[in-house]
There are 2 protein chains.
Amino acid sequence: MTSFTEENYLKAIFKINEKTSKPASTNGIAQQISTSAASVTDMLKRLAEKELINYEKYKGVTLTPTGNKIATNLIRKHRLWEVFLVNKLNFSWEQVHDIAEDLEHIKSDSLIQRLDNYLGNPRFDPHGDPIPNAEGKFMIRNQTSLDQLSIKQKGVLVGVSQHQSEFLQYLNELEIKLGTAFEVLNITSFDKSIKIRKDDTIDITLSHEVSKNLLVKKINE
Amino acid sequence: MTSFTEENYLKAIFKINEKTSKPASTNGIAQQISTSAASVTDMLKRLAEKELINYEKYKGVTLTPTGNKIATNLIRKHRLWEVFLVNKLNFSWEQVHDIAEDLEHIKSDSLIQRLDNYLGNPRFDPHGDPIPNAEGKFMIRNQTSLDQLSIKQKGVLVGVSQHQSEFLQYLNELEIKLGTAFEVLNITSFDKSIKIRKDDTIDITLSHEVSKNLLVKKINE
DNA sequence: GTTAATATTTAGACGAATCTAAAAATTATT
DNA sequence: AATAATTTTTAGATTCGTCTAAATATTAAC
C-alpha cells in the first residue's frame, strides 16, 4: 500500500519523465514537490526498496512498471474528479486542481469505475488533458501549440499546457475555452504575438507567452 | 489544521459522548479506533494542547466547541458523500461506509456546499441518519426501535442503528428498506421475536437482535 | 586536466503517530 | 479498609517524512 506522500513522488517522477523524456533528477523532483533535495533522496531509497522506481545514485530516476501503473492511475483519478467537479458541481476550470489533488488519493477501484461511467467515460478533462484508461493508456491527439500555426490557418482550442489559475482566468476574460474556433490573422515577427479571429467575430491579440500554452487542433479545408 | 488521524479521534469521541451521554474513556476510544490505550493517551494530550477536547487525567474526555464543530462537520461530510455514492453512483447502502470514511477528510468548504446543493440538500443519509447542517445542528426525528412497538401498531422504517454490511445485506434479502411500511402482527414473549406484515402483503418474523436495530416512525390512524 | 561550481547524498535531529511493557491511579471486592 | 482487578498513564522504542548542515560526486570552466 502506497502512502499519500509516496504517491505524490511517483506522480512527480512521472510528470518529469514525460516532459523531459529523461530520468528525473533529485533536484527536479525536489522542485516539483516543493521540498529539499535531501528529503527526495530519502524517499527515493524507500521507493526503490519497494521496487516502484529504478534508482541508481547520481543517475536519476525512472518508474518501474508497477510505479508507472500507480502514477497513471493517480492521473486518471485526478482528471476524472476534475470532470466531476466541473460538469456536475459547476466549478470553473481554474478552481478544480487543488481539490482533485486530494481526491485522487482516495483508494477505491469500484468508486473510480462507477465515477467514470457516471460521467459518461470522458476522454479528456476540463483542461483538455487526456484521461488514461484503466490500463494506464493515454489517448494521443493531433495537436500543436498555437504559436506553431501560420497566417490564415484555422483551428480549435483543445487544451492548455498551463494550469495556473491566473492563466485560466485570463482566458475566461477573453471568453476563450475548449472548443473555441479561430483563424490566425497576423503574427508580429519581433515579439511573436499573434492576432486571431475568434468564432468568426472577435479579433484578439495574444502574447507569445500565452499562445505557446494554447493547444490547438488544425482545421484543414 | 487537523490531521486525518486527529479527525478520527474527534469523531470517535463525539460518537461515544453521543451514545453514552458521558465523557469518553481512554479504553472506549481505543476500542472505537482499534488502537492501544497508550496511543490514545498520547493523542489526547495533543488534542487537549490544541484545545479541541476537555481532558483531565483519568477523568475521561469531552469535546470543546471547536472540537465539536470539527466532529459534526466530519459527520456532515461523511453522510453527504454516502448520499452521493448511493443516489448518484448507485452503490448499495452496505457498500458506502468505508469509502465515505476516506472522502470525509477532504478539506474544501466550497466542495461540500456544492455537493449538498447538487444532491438536493438531503436531510438524511442512505441509512436514515440525519445530516447535520453547516452549523452542526442535527434534525431530530420522532422515532423508536421496532422492538418498542406493540401488536397492531403500524409504522415505517426510517433508519437503522447498525451499519455492518452483514446486517444491511440481510435486510436487502428480506427487501426491507427505508420507507418500507409494516404492521406488527405478533410478538413472541420468550425470545422477543416479532412478526410483521410488510407492505400489506408479506409476513416476516424478525429476531429481537434485528428488531431493536430497526428505527421506525409510528403511524397513527 | 585541475579547479570551480553544481548536484546529490549522508549524517544527525525532529515531530507525528504508533507500539509494548511497566508503573501508577482508580474502582471493585471482600 | 485492605487487597485485587481494572483502567489509565508513562517510559522507551519504532516508522514515516521532514529538515539543516556537512561531505562527496559529478559536471562545467578555464
Side-chain angles (χ1 to χ4, degrees), chain A residues 1-13 15-17 19-63 67 70-71 74 101-102 104-105 107, chain B residues 1-13 15-17 19-20 22-63 66-67 70-71 74 101-102 104-105 107:
Chain A
M1 186 87 308
T2 48
S3 72
F4 190 98
T5 316
E6 288 170 335
E7 293 188 342
N8 283 337
Y9 274 90
L10 294 176
K11 219 177 49 153
I13 295 164
K15 283 189 178 166
I16 294 168
N17 286 168
K19 183 182 262 181
T20 66
S21 302
K22 271 187 283 187
S25 70
T26 303
N27 264 352
I29 299 167
Q31 206 168 351
Q32 179 85 19
I33 309 252
S34 299
T35 188
S36 70
S39 303
V40 174
T41 304
D42 284 350
M43 181 56 90
L44 295 183
K45 285 179 193 164
R46 275 196 287 278
L47 293 174
E49 185 64 36
K50 291 191 174 187
E51 299 189 44
L52 299 174
I53 60 171
N54 306 114
Y55 171 52
E56 267 185 282
K57 276 188 190 181
Y58 297 101
K59 301 285 178 192
V61 221
T62 56
L63 297 172
I70 296 172
L74 284 166
E101 205 70 8
D102 286 335
E104 72 187 14
H105 297 284
K107 289 179 173 63
Chain B
M1 187 87 306
T2 48
S3 72
F4 190 97
T5 317
E6 288 170 335
E7 292 188 342
N8 283 337
Y9 274 91
L10 293 176
K11 218 176 50 152
I13 295 164
K15 282 188 179 165
I16 293 169
N17 287 167
K19 184 181 259 179
T20 65
K22 271 188 283 186
S25 71
T26 302
N27 263 352
I29 299 167
Q31 206 167 350
Q32 179 84 20
I33 309 252
S34 299
T35 188
S36 70
S39 303
V40 174
T41 303
D42 285 350
M43 180 56 90
L44 294 184
K45 285 179 194 165
R46 276 195 287 277
L47 294 174
E49 186 64 38
K50 291 192 173 187
E51 299 190 45
L52 298 173
I53 60 171
N54 307 112
Y55 171 53
E56 267 184 283
K57 274 187 188 179
Y58 296 101
K59 301 286 177 190
V61 223
T62 56
L63 297 172
T66 319
I70 296 171
L74 284 166
E101 205 69 8
D102 287 336
E104 72 187 14
H105 297 286
K107 289 179 174 60

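Computed from a prediction, not measured in an experiment: that's the story for all the values here. So you know, we letter chains A, B, ... as the sequences are listed, proteins then strands, and number each from 1.
- In this structure, B/Thr5 reaches the sugar-phosphate backbone alone: every heavy-atom distance under 4.0 Å involves primed, P, OP1 or OP2 atoms, never a base.
- Summarising the geometry, atom OG1 belonging to B/Thr5 is positioned 9.0 Å from atom CD1 belonging to B/Ile33; distances are rounded to the nearest 0.5 Å.
- The residue A/Thr41 sits close to a base: some heavy atom pair falls under 4.0 Å.
- A close approach under 4.0 Å does occur between a side-chain nitrogen or oxygen of B/Thr35 and OP1 or OP2 of C/dC19.
- In this structure, A/Asn27 does not reach the C/dT6 phosphate: none of its side-chain N or O atoms is under 4.0 Å from OP1 or OP2.
- Between B/Ile13 and B/Leu44, some side-chain heavy-atom pair lies under the 4.5 Å cut-off.
- Nearest to the side-chain atoms of A/Asp42 among the listed nucleotides C/dT8, D/dT8, D/dC19 stands D/dC19.
- In this structure, the CG atom of A/Leu10 is 15 Å from the C1' atom of D/dG17, given to the nearest Å.
- Residue contacts for B/Lys59: at a heavy-atom cut-off of 4.0 Å it reaches no nucleic acid atom on any strand shown.
- Within the structure, every side-chain polar atom (N or O) of A/Lys57 is placed at least 4.0 Å from both OP1 and OP2 of C/dA7.
- Summarising the geometry, the separation between NZ on A/Lys22 and C1' on D/dT27 is reported as 13 Å, rounded to the nearest angstrom.
- Atom CG of A/Leu47 is separated from atom P of C/dT9 by 13 Å (rounded to the nearest Å).
- Contact check, B/Tyr9 against C/dT18: a side-chain N or O comes under 4.0 Å of OP1 or OP2.
- Put simply, B/Tyr55 has a side-chain N or O that comes within less than 4.0 Å of OP1 or OP2 on D/dT9.
- B/Asn17 places a side-chain N or O within 3.5 Å of a backbone atom of B/Lys22 that can act as its donor or acceptor partner.
- The distance from atom OH of B/Tyr58 to atom P of C/dT26 is 7 Å, rounded to the nearest whole Å.
- The nearest heavy atom of DNA chain D to B/Ala38 and to A/Arg46 marks one nucleotide each, and the one closer to the 5' end goes with B/Ala38.
- Look at CD1 on A/Ile29: it is 16 Å from C1' on D/dT18, rounded to the nearest Å.
- For D/dT20, neither phosphate oxygen OP1 nor OP2 lies less than 4.0 angstrom from any side-chain nitrogen or oxygen of A/Ser36.
- Contact annotation: B/Ser39 side-chain N/O to C/dC19 OP1/OP2 distance is under 4.0 Å.
- Whole-Å rounding puts the A/Glu49 CD to D/dT15 C1' distance at 14 Å.
- Distance from the side chain of B/Ala37 is smallest to D/dT9 among D/dT24, D/dT9, D/dT18.
- Between the P atom of D/dC19 and the CE atom of A/Met43 lies a distance of 11 Å, rounded to the nearest Å.
- Heavy-atom contacts from other residues, nucleotides or ligands closer than 6.0 Å to NZ of B/Lys50 number more than 12.
- More than 12 heavy atoms of other residues, nucleotides or ligands shown are found within 6.0 angstrom of NZ on A/Lys107.
- A/Asp102 and B/His105 are not linked by any side-chain donor-acceptor pair at a separation below 3.5 angstrom, with hydrogens and angles left out of the test.
- Contact between the side-chain N/O atoms of B/Lys45 and the OP1/OP2 oxygens of D/dT9 is not found at any separation under 4.0 Å.
- At whole-Å resolution of the value, CD in A/Glu6 and C1' in D/dC16 are 9 Å apart.
- Put simply, A/Ser3 has a side-chain N or O that comes within less than 4.0 Å of OP1 or OP2 on D/dG17.
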